[in-house]
Participant: 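Can you keep this structure in mind? I'll have questions shortly.
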Amino acid sequence: MLFDIRPKTRLKDLFDREREINELKQSIELGEPLIIIYGVRRVGKTSLLRACLNEFGYPYVLIDVREVFEEHSYITKNHLYEQMARFFTSNLEFFEKLGFRIKDLLKHIKVFHLSNIGIEVDLSVNVSITSILRTFNDWAKKHSTRFIIAFDEAQYLRFSGATRYDGIFAWAYDNLENLTIIITGSEIGVLRDFLKLDNPKAPLYGRYVREIILNKFTTEQSREFLKKGFNELGINIHDHEIDEVINKLDGIPGWLTLYGYYRGIQKLDHKKALNKVFETGSKLVIEELEKIIAPSKQRYLAILEAITHGATRWTQIKTYIEYRTKTRIADKNFTNLLKKLVKYGIIEKQEDQYKITDPLIIHAIKTIVSQPT
Ligand SMILES: Nc1ncnc2c1ncn2[C@@H]1O[C@H](COP(=O)(O)OP(=O)(O)OP(=O)(O)O)[C@@H](O)[C@H]1O
Ligand SMILES: [Mg+2]
């Protein structure tokens, strides 16, 4: 069902994305070692990843790095092993269906303890990530397949203390020919900084990486998505309402889905459903935004406020922020603040003009600014 608000896990529930599905499939079939899926928040990265991996027929493990970070505020290898154990436990049937006895693989990895209830992590055992990756690789080789390890929202791996994941990925890239690593990230600039793909001194520099960019839906795709979703539910919606939704939610699949959910499943009327998307959506966005802007809240907010008020160019925004904060700001510092917002996917730069990436972020900014400090 298209209006299911969880990430999709089946290709039949994934609207469009033919090009991205084919590219991902081809890239794995070609034996490429490292694939990155970029896209702003709620564009459908996790859905693409889960639906494809569930159906491509390769053994895989998926680690939700953001979840680990949210739970622990930092990442250790044992946290990652716990995610793996959880994944394997809930996907035993999946592996069986593919004809793989995953327990035969896991019994060679000392950190995993197999019991009747599933797979657990033995915290008293110290096993390196590289040795686990090598075991996955060797096992895949023996079964003439590829093993895929996917890190959803991998930029959070930067909170791993001394462990350098870019180095581990580069090592796997060079040595493990039956392993494919897939990484996703919504904070695109942050992820690229973390992987240091463009830094000649860094381990991954110069290696070919498949980069798949997930874009928002176009107006036409959004229209089709909504119509198809309501069709599935046997509901007829007026064109002018669909137009308003498209206009206000700007092709972000997550918000379109949420509208479809409120309208089609909770059966709210058009206005109420749309308001509810703004209300619940901007609560989520405010939480995310507050974390990002916290280091220099007043200045970041002034920048975002300027853009929501129509300032789009560097000079216009700078003038606004200096007026608003009543202090001058050095050009370099100002540029850094702008760059940081771009890195986190809050704003984007197109032909020297800055734009906020998501209408719900605009709504969230207005709410934050109107709150008494
Ligand atoms: N192509 C699609 N077809 C159907 N539903 C989609 C599609 N893309 C996204 N969705 C829906 O939109 C919502 C957001 O999708 P998903 O969680 O996959 O995005 P994401 O990019 O991983 O988001 P985040 O950055 O928050 O992790 C979910 O409700 C999902 O079901
Ligand atoms: Mg996701």
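We're numbering straight along the sequence, starting at 1. We count ligands from 1, going down the list as the structure has it; atoms in each ligand are counted the same way.
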Participant: Can Lys97 and Asn91 be counted as having a side-chain donor-acceptor contact under 3.5 angstrom?
Facilitator: no
Participant: Below 4.0 angstrom from a heavy atom of Pro253, which ligand 1 atoms are there? Numbered from 1 as shown, please.
Facilitator: 8 (N), 9 (C), 12 (O)
Participant: Could you tell me the residue and atom name of the protein heavy atom closest to atom 1 (N) of ligand 1, and the distance to it rounded to 0.1 Å?
Facilitator: Phe15 O, 3.0 Å
Participant: Could you tell me whether ligand 1 has any atom less than 4.0 Å away from a heavy atom of Asp16?
Facilitator: no
Participant: So which pairs with a foot in residues 266-297 pass ring-ring contact (aromatic ring centres under 6.0 Å, His included), sequence neighbours left out?
Facilitator: Tyr259-His270, Phe278-His363
Participant: Which atoms from ligand 1 have a heavy atom of Arg41 less than 4.0 Å away?
Facilitator: 24 (P), 25 (O), 26 (O)
Participant: Between Tyr58 and Thr180, do the side chains contain a donor N or O and an acceptor N or O under 3.5 Å apart?
Facilitator: no
Participant: Any salt bridge linking Lys271 with Glu244? Criterion: basic side-chain nitrogen under 4.0 Å from a carboxylate oxygen.
Facilitator: yes
Participant: Going by distance alone, is a donor N or O of one side chain under 3.5 Å from an acceptor N or O of the other, for Gln298 and Thr325?
Facilitator: no
Participant: Report the nearest protein non-hydrogen atom to atom 18 (O) of ligand 1: residue, atom name, distance rounded to 0.1 Å.
Facilitator: Ser47 OG, 2.6 Å
Participant: Applying a heavy-atom cut-off of 4.0 Å, say which part of Leu256 lies close to ligand 1: side chain, backbone, both or neither.
Facilitator: neither
Participant: What atoms in ligand 1 come closer than 4.0 Å to a heavy atom of Arg17?
Facilitator: 1 (N)
Participant: So, 4.0 Å and heavy atoms of Phe217: is ligand 1 close enough to count as a contact?
Facilitator: yes
Participant: Below a 4.0 angstrom heavy-atom separation, can you tell me which part of Asp152, side chain or backbone, both or neither, approaches ligand 1?
Facilitator: neither
Participant: At a 4.0 Å threshold, what atoms of ligand 1 neighbour a non-hydrogen atom of Asp4?
Facilitator: 29 (O), 31 (O)
Participant: For atom 23 (O) of ligand 1, what's the nearest protein heavy atom and its distance?
Facilitator: Arg42 N, 3.0 Å
Participant: Distance under 4.0 Å to a non-hydrogen atom of Arg6: what atoms of ligand 1 satisfy this?
Facilitator: 28 (C), 29 (O), 30 (C), 31 (O)
Participant: Regarding Asp358 and Arg41, does a basic nitrogen lie under 4.0 Å from an acidic carboxylate oxygen?
Facilitator: no
Participant: Under 30°, 30 to 60°, or over 60°: which ring-plane class applies to His72 and His79, parallel, tilted or perpendicular?
Facilitator: parallel
Participant: Between Gly44 and ligand 1, does any nitrogen or oxygen pair lie at a separation below 3.5 Å?
Facilitator: yes
Participant: Is a salt bridge present between Lys297 and Glu290, judged by a nitrogen-to-oxygen distance below 4.0 Å?
Facilitator: yes
Participant: Specify whether Phe95 and Tyr60 have parallel, tilted or perpendicular ring planes, treating 30° as the upper limit for parallel and 60° as the lower limit for perpendicular.
Facilitator: tilted
Participant: Only heavy atoms of Asp13, strictly under 4.0 Å: list the atoms of ligand 1 that pass.
Facilitator: 3 (N), 4 (C)
Participant: Tell me: protein heavy atom nearest atom 25 (O) of ligand 1, and distance?
Facilitator: Lys45 NZ, 2.8 Å
Participant: Tell me: protein heavy atom nearest atom 27 (O) of ligand 1, and distance?
Facilitator: Arg66 NH2, 2.6 Å
Participant: Looking only at N/O atoms, are Val43 and ligand 1 under 3.5 Å apart anywhere?
Facilitator: yes
Participant: Could you note down all residue pairs passing ring-ring contact (aromatic ring centres under 6.0 Å, His included) where residues 172-195 supplies at least one of them, sequence neighbours left out?
Facilitator: none
Participant: Using 30° and 60° as the class limits, which term best fits the ring planes of Phe147 and Trp139: parallel, tilted or perpendicular?
Facilitator: perpendicular
Participant: Under a 4.0 angstrom heavy-atom cut-off, which atoms of ligand 1 come close to Gly254?
Facilitator: 12 (O), 13 (C), 14 (C)
Participant: Among protein heavy atoms, which lies nearest atom 6 (C) of ligand 1, and at what distance?
Facilitator: Lys8 NZ, 4.0 Å
Participant: Can you pull out the closest protein heavy atom to atom 22 (O) of ligand 1? Residue, atom name and distance to 0.1 Å, please.
Facilitator: Thr46 OG1, 2.7 Å
Participant: Sequence neighbours excluded, which residues qualify as salt bridge (Lys or Arg N to Asp or Glu O under 4.0 Å) partners of Glu177?
Facilitator: Lys141
Participant: Assess whether a salt bridge exists between Arg66 and Asp64, defined as any Lys/Arg side-chain N lying under 4.0 Å from an Asp/Glu carboxylate O.
Facilitator: no
Participant: Determine whether the side chain, the backbone, both or neither of Leu14 has a heavy atom under 4.0 Å from any heavy atom of ligand 1.
Facilitator: both
Participant: Hey, is Asp239 close enough to Lys227 for a salt bridge, meaning N to O under 4.0 Å?
Facilitator: yes
Participant: Check the side chains of Asn54 and Thr9 for a donor-acceptor pair under 3.5 angstrom, ignoring hydrogens and angles.
Facilitator: no
Participant: Could you tally the protein N/O/S atoms lying less than 2.8 Å away from the Mg ion (ligand 2)?
Facilitator: 1
Participant: Can you pull out the closest protein heavy atom to atom 11 (C) of ligand 1? Residue, atom name and distance to 0.1 Å, please.
Facilitator: Thr257 OG1, 3.4 Å
Participant: Is Glu220 salt-bridged to Arg223, going by a charged N under 4.0 Å from an acidic O?
Facilitator: yes
Participant: Students often mix this up, so state it plainly: with edges at 30° and 60°, are the rings of Tyr323 and Tyr320 parallel, tilted or perpendicular?
Facilitator: perpendicular
Participant: List every atom of ligand 1 that sits less than 4.0 Å from any heavy atom of Ile5, numbering the atoms from 1 in the order shown and giving each element.
Facilitator: 28 (C), 29 (O)
